[in-house]
There are 2 protein chains.
Amino acid sequence: MLSIENAVQTLKEKNIRLTPQRHELINILSKGNKHWTVEELYQLLNESMPSVSITTVYNNINLFCELGLVKEIQFGEALSKYEWKKEDHYHIVCSECGEMVDVWYPALKEVEVFAQSISKFDISSHNLQFYGTCSNCEQK
Amino acid sequence: MLSIENAVQTLKEKNIRLTPQRHELINILSKGNKHWTVEELYQLLNESMPSVSITTVYNNINLFCELGLVKEIQFGEALSKYEWKKEDHYHIVCSECGEMVDVWYPALKEVEVFAQSISKFDISSHNLQFYGTCSNCEQK
DNA sequence: GTCTCTGCAAACCGTTTGCAACGCA
DNA sequence: TGCGTTGCAAACGGTTTGCAGAGAC
């Protein structure tokens with residue numbers, strides 16, 4: 001799990017300013033080990049910085065993705081979610097409410113090798129998602 | 001692979017009219033064993049029916065998905081692609097041009113079982129995509 | 001003081017909706 | 001002939017862009 005200090009260091013090295021908005025966004029993202037939409041981050045950020053704009057959230061979440069501080073998780077028709085950078089893993093998503101949890105399972109390298117062997121593609125990565133119903137939605 | 005006759009039969013059973021637009025769209029989709037975006041289907045349809053509107057393509061591709069004649073393939077930030085209904089399989093997509101091919105690999109049921117065992121989710125399905133570079137883009 | 005960053009407003013673009021005219025059954 | 005369908009235009013909604021003023025360093 002990436003530390004706040006490392007993230008701040010990365011910004012400094014690239015001469016990217018540590019604005020209050022960026023600092024607070026890093027604070028939110030690096031705690032909680034969760035998955036947020038842009039809108040959710042905007043709401044959370046607004047609690048401590050009421051004047052922040054959603055443009056700034058977009059600007060910085062994209063910047064953080066480019067810097068490798070944050071990973072974008074894209075899922076079917078749902079809005080992208082973002083998580084603080086950690087080791088590669090898969091995700092389970094609730095089809096009802098969008099709730100998302102991590103799955104730590106060994107990377108399916110042998111399936112990648114198979115896909116490469118039967119295609120004319122040079123395979124570089126793969127993505128695996130699970131769909132289901134979370135316990136909260138199950139009860140309803 | 002679903003036949004045109006079966007598709008037409010499904011429409012009849014549900015009292016859905018077989019308009020020329022629908023017939024031609026089924027013709028395009030059921031041949032070629034490819035993956036198309038809405039825009040691509042619209043272009044192809046326009047070759048034989050110049051007056052067709054993109055609204056009609058949206059209406060019918062969504063209808064066909066609901067009827068199970070067509071499967072929507074959603075991929076990260078890319079536009080959805082659609083394929084004629086066939087047995088479940090995975091996809092490889094070219095990160096450069098979006099070119100897509102099928103991968104017939106046994107469903108990863110044991111990974112689903114694992115995901116279920118370590119989460120509080122009732123897992124119903126999963127999705128696996130491979131990313132890479134197709135031979136065309138490799139040469140460039 | 002400089003130059004990046006913020007935040008507002010407008011643009012963007014794929015998709016959906018409303019609706020009047022059309023045409024399949 | 002009736003009602004489902006088409007196709008136009010407008011609306012929609014998440015995201016990006018342009019830009020003038022603010023502010024980090």
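In what follows, chains are A, B, ... by sequence order, proteins preceding strands, each numbered from 1.
E77(B) has its CD atom 14 Å from the C1' atom of dT16(D), to the nearest Å. Rounded to an integer number of Å, the gap from L25(A) CG to dC5(C) P is 14 Å. Atom C1' of nucleotide dC3(D) and atom CD1 of I16(B) are separated by 14 Å, given to the nearest angstrom. If you measure from atom NZ of K14(A) to atom P of dC5(C), you get 13 Å, rounded to the nearest angstrom. Regarding L11(A), its CG atom lies at a distance of 13 Å from the C1' atom of dC5(C), rounded to whole Å.
Heavy-atom minimum distance, W84(B) versus L29(B): CB-O, 3.3 Å.
Each of L79(B) and R17(B) was assigned the nucleotide of DNA chain C with the nearest heavy atom; the assignment lying further toward the 5' end belongs to L79(B).
By the 30° and 60° cut-offs, the orientation of the rings of H91(A) relative to H35(A) is perpendicular. By the 30° and 60° cut-offs, the orientation of the rings of F75(A) relative to Y131(A) is perpendicular. Note: F130(B) and Y90(B) have perpendicular aromatic rings, judged against thresholds of 30 and 60 degrees for the angle between ring planes.
Tested against D102(A), the residues K86(A), K71(A), K81(A), K34(A) include a single salt bridge (Lys or Arg N to Asp or Glu O under 4.0 Å) partner, K86(A). A side-chain contact (heavy atoms from CB on, under 4.5 Å) with L41(A) is found for one member of V57(A), V52(A), N46(A) and no other, namely V57(A).
Across residues 37-75 of chain B, T55(B), Y58(B), N62(B) each have a non-hydrogen atom less than 4.0 Å from an atom of DNA chain C (numbered order).
Put simply, Q21(B) has a side-chain N or O that comes within less than 4.0 Å of OP1 or OP2 on dG7(D). Checking the phosphate oxygens (OP1, OP2) of dT5(D), a side-chain nitrogen or oxygen of R22(B) falls inside 4.0 Å. Contact between the side-chain N/O atoms of T19(A) and the OP1/OP2 oxygens of dG23(D) is not found at any separation under 4.0 Å.
Here the side chain of L18(B) is nearest to one of dC3(C), dA25(C), dT6(D), namely dA25(C).
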